[in-house]
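All values below come from the heavy atoms of this structure, side chains included, with hydrogens, waters and symmetry mates left out. Chain A is the first sequence line, chain B the second, and so forth, proteins listed ahead of strands; every chain is numbered from 1. Since the structure is predicted, the reported quantities are computational estimates derived from the model, not experimental observations.
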Amino acid sequence: MTENLSEADAANELMRLARKIAKHNKLYHAEDSPEISDADYDALVRRNNALEEAFPHLVRDDSPNKLVGAAVAASPLSKVKHEQRMMSLDNGFSDEDIAEWLARVRRFLNLPEDAPVAVTAEDKIDGLSCSLRYEKGELVLAATRGDGQVGEDVTANVRMIGDIPQMLCPGGGRGPESLSTGPRPSPGNNIPDLFEIRGEVYMAKADFAGLNERLMDEGRTDAAAKGVEFDPEKIRQFANPRNAAAGSLRQKDANITAKRPLKFWAHGWGVHSDLPGETALDVMEAIASWGVPVSPLVRRMDSLEEMLGHYRHIEAERAEMPYDIDGVVYKVDRLDWQQRLGFVAKAPRWAIAHKFPAEQAQTTLESIDIQVGRTGKLTPVGRLTPVTVGGVVVSNVTLHNRDEIGRLGVRPGDRVVIQRAGDVIPQVVENLTRDEQREPFHFPDHCPICDSEAVAEEGEVDVRCTGGLICPAQRFQRLVHFVSRVALDIDGLGEKSIAEFIAAGWLESPADIFRLHQHRAEILAREGWQEKSVDNLLAAVEKKRQPDAARLLFGLGIRHIGTVTARDLLKNFTTLKRLREVAELAQESEIYRSSRAQSRDGDAGQGVSTSLDTNGEGVASASTSLDTNGGDTAPDTNGEGGASPEGDVAWAEITSIDGVGPAVAQALADFFHEPHNREVWEDLLSEVSPPDYIVETRDSAVSGKTIVFTGKLETMSRDEAKAQAEALGAKASGSVSAKTDLVVAGPGAGSKAKKAAELGIEVIDEAAWAEIVAAAG
DNA sequence: TCGCCTCGAGTTCC
DNA sequence: CTCGAGGCGA
């Protein structure tokens with residue numbers, strides 16, 4: 001990551017980092033008021049350490065690492081779990097995206113193609129999402145969005161924001177800043193006992209500029225008072241209004257927040273005892289009537305044309321607006337429809353953000369580096385002359401794969417246009433230079449880390465390092481994945497420590513993490529480790545002795561098994577033990593036997609096996625690590641015989657799970673076929689004991705049953721019916737088998753209903769299903 | 001078999 | 001976030 005930096009640049013960056021880190025240390029320790037999160041702070045320190053490692057001769061006298069007690073991290077704000085998850089929004093960029101969204105909504109609701117669907121449109125302001133919990137009209141808790149499930153408690157800070165009332169006032173709009181257009185709501189609204197308002201804390205453009213000026217002035221005065229020379233570079237100004245709002249809200253000392261010009265807009269709600277109305281607009285008007293500012297341009301509209309016209313109008317006015325917006329949000333207005341539409345993964349189906357085109361910038365592609373991921377994928381990363389796009393400085397950009405480089409025709413030295421897609425991930429849009437004289441970029445055919453062959457499998461775009469176990473990059477990345485926040489989530493075991501422990505020989509497989517305590521004294525003896533930091537780390541490890549089984553499974557990094565599939569598998573098997581039993585049994589299935597025989601004959605390069613020959617060294621040392629690519633390295637001790645009917649049943653049991661097909665079943669069976677993996681698995685499970693995986697569900701007549709929906713349903717789509725079934729603790733399956741308990745058949749049901757009849761399974765119609773749902777509440 | 005949708009995997013910035 | 005690929009309905 002640092003190799004391509006010139007010395008001058010590195011020295012420069014090290015200087016800036018030293019200043020920054022010193023500043024934040026001071027803010028944290030002396031003034032008890034950090035302006036950045038611990039994660040952000042850690043990132044600065046990590047970057048600094050990486051640079052120091054790459055350029056040891058440039059290490060500064062005032063290096064953060066030479067200062068005592070510099071790298072202490074602690075949580076400035078306490079965490080709050082959201083009672084109702086704070087979702088993000090689906091994004092659309094083109095008119096077609098919006099048209100498609102509207103069509104999807106109609107399809108899901110089973111409406112005709114031309115049926116009117118009323119939506120609200122409002123500005124999407126660029127700020128910080130925040131939830132405000134009011135009990136009996138009184139503000140009791142405010143929290144940031146965080147990761148959607150857990151945010152930070154900012155109640156004290158939020159009380160300092162003038163826009164946000166401590167007490168909701170029934171039936172009376174408050175000031176000129178509340179809903180400025182649209183009808184005034186009728187007075188006399190009752191305020192629900194419990195109501196969580198969700199919205200955006202933001203800073204107006206003018207206030208942002210003023211704040212930066214003020215920070216500069218204060219720095220000047222401060223310098224004068226101390227009799228030191230004033231250096232404008234040392235003043236930390238905010239890069240954009242969004243950062244300013246975030247930095248100002250997330251203060252430990254609410255008095256600092258009080259001095260910052262923050263504002264608030266409601267755009268939705270969370271948990272509530274009552275909803276004042278039947279449409280989104282009703283509720284927003286009620287919220288405005290309680291004295292909380294609401295986006296001033298909430299409009300209701302009935303057609304796509306109207307929506308797109310509104311979007312263009314806002315886009316044209318954008319520059320003149322007093323605040324930064326990044327798009328328009330549309331929501332289905334009818335709340336009963338919102339409820340039926342529900343959620344996909346992290347976003348509601350009933351809303352979409354129509355984003356403005358991303359800001360673009362030109363810069364030079366200086367070089368192309370290759371990174372190796374945990375699956376061995378070789379990813380080219382473009383190093384850019386740093387350039388500001390959309391308020392942040394971008395210096396790296398992913399080029400995805402070999403084809404993308406070819407498609408763009410980029411070569412080091414070219415001028416390129418980049419943008420931040422969806423305002424987050426930078427991407428190269430266009431190559432401005434077509435200089436055929438320049439040497440084309442040569443995509444490596446060997447892994448830059450372990451030198452194993454790197455090949456693209458037939459029909460695949462990605463080029464992968466075939467080193468598997470023996471590639472240090474892959475072993476390292478797998479461990480990083482295992483402890484990452486999305487998997488086991490072991491706090492304080494970052495990339496740097498993992499690399500350090502691997503180098504020391506204490507860490508090779510996941511189970512070793514749980515034996516790190518045996519090396520406590522040795523770790524303490526190392527530079528950079530204090531009593532406290534070691535104990536914090538070991539405590540974080542101990543906290544995961546009873547890990548969530550699905551996270552553990554996901555953490556192992558078995559191919560095709562991500563968060564969702566891991567959960568789906570465990571919902572069905574309850575324990576990892578059972579999962580393994582079935583997966584091993586499935587190795588005896590006819591399908592598995594024949595597919596393995598085929599891949600051996602064809603030898604299309606399942607990769608791992610060939611590479612072991614090209615790089616004989618290190619194989620033995622890799623034996624305790626994971627081979628997630630499957631068992632091709634393993635001698636097939638079982639021979640070709642041994643197919644069994646039980647195996648076929650096990651295979652069917654796996655593939656009958658909704659969303660799980662042959663690829664997943666094969667990956668699972670492969671995983672357990674490989675002796676190394678079995679060792680790693682047993683080793684790991686001797687260190688941890690995940691509790692049985694039990695999903696909480698509402699009690700109903702169909703709890704624990706397997707239901708199949710077939711035919712055309714009248715009042716809802718099949719997706720919706722499935723979602724209902726799952727909420728009632730039932731399992732929605734795709735096909736009828738002996739395990740099916742109930743079939744819900746609409747008109748036009750064919751073979752499935754017939755098969756159900758043959759198997760003697762109960763078949764009901766949609767009306768009967770509706771009754772079951774209603775009975776469960 | 002085709003086309004849609006969801007999931008997995010890799011990634012950037014602070 | 002984006003892309004490719006697996007899963008599944010039609």
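Closest approach to the A/Phe554 side chain among B/dA9, B/dG10, B/dT12 is made by B/dA9 (side chain taken as heavy atoms from C-beta onward).
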Task: Worked check of salt bridge (charged side-chain N to carboxylate O under 4.0 Å, His left out) between A/Asp369 and A/Arg383 - done: CA-CA 7 Å; A/Asp369 287 353; A/Arg383 307 295 178 192; 2.9 Å; yes

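Nucleotide B/dG10 holds its P atom 9 Å from the NE2 atom of A/His481, rounded to whole Å. To the nearest angstrom, P of C/dG6 lies 11 Å from CD of A/Gln666. Taking atom NE2 of A/His400 as the reference point, atom P of C/dG4 lies 9 Å away to the nearest angstrom. Following rounding to the nearest Å, A/Phe476 (CZ) and B/dG10 (P) show an atom-to-atom distance of 14 Å. Residue A/Ile558 contributes atom CD1, which lies 17 Å from atom P of C/dG6 at whole-angstrom precision. In this structure, A/Ile561 atom CD1 and C/dA5 atom P are separated by 19 Å, rounded to whole Å. Here B/dC5 presents its P atom at 14 Å from CG of A/Leu341, a figure rounded to the nearest Å. When the P atom of B/dT6 is taken as reference, atom CZ of A/Arg349 falls 6 Å away, rounded to whole Å.
The closest side-chain heavy-atom distance from A/Leu102 to A/Ile98 is not below 4.5 Å. Within the 4.5 Å cutoff, side-chain heavy atoms of A/Tyr693 are placed close to those of A/Arg567.
Environment of CG in A/Asp491: sparse, with no more than 12 heavy atoms of neighbouring residues, nucleotides or ligands closer than 6.0 Å.
The shortest distance between the side-chain N/O atoms of A/Ser395 and the OP1/OP2 oxygens of B/dC13 is below 4.0 Å. Remark: A/Arg374 is in phosphate contact with B/dA9, judged by side-chain N or O atoms under 4.0 Å from OP1 or OP2. Checking the phosphate oxygens (OP1, OP2) of B/dG10, a side-chain nitrogen or oxygen of A/Thr375 falls inside 4.0 Å. Distances shown here put a side-chain N or O of A/Gln371 below 4.0 Å from the OP1 or OP2 atom of B/dT11. The phosphate of B/dG10 (OP1 or OP2) has no side-chain N or O of A/Thr379 nearer than 4.0 angstrom. A close approach under 4.0 Å does occur between a side-chain nitrogen or oxygen of A/Asn396 and OP1 or OP2 of B/dC13. The side chain of A/Thr565 contributes an N or O atom lying less than 4.0 Å from OP1 or OP2 of B/dG8.
Residue A/Val660 is classed as a sugar-phosphate contact, given heavy-atom separations below 4.0 Å to backbone atoms only. Residue-level contact check: A/Ile657 touches the backbone only, with heavy atoms under 4.0 Å from sugar-phosphate atoms and none from bases.
Atom CZ of A/Arg250 is separated from atom OG1 of A/Thr257 by 11.0 Å, given to the nearest 0.5 angstrom.
Comparing A/His560 and A/Arg104 against DNA chain B, the residue whose closest nucleotide sits nearer the 5' end is A/Arg104.
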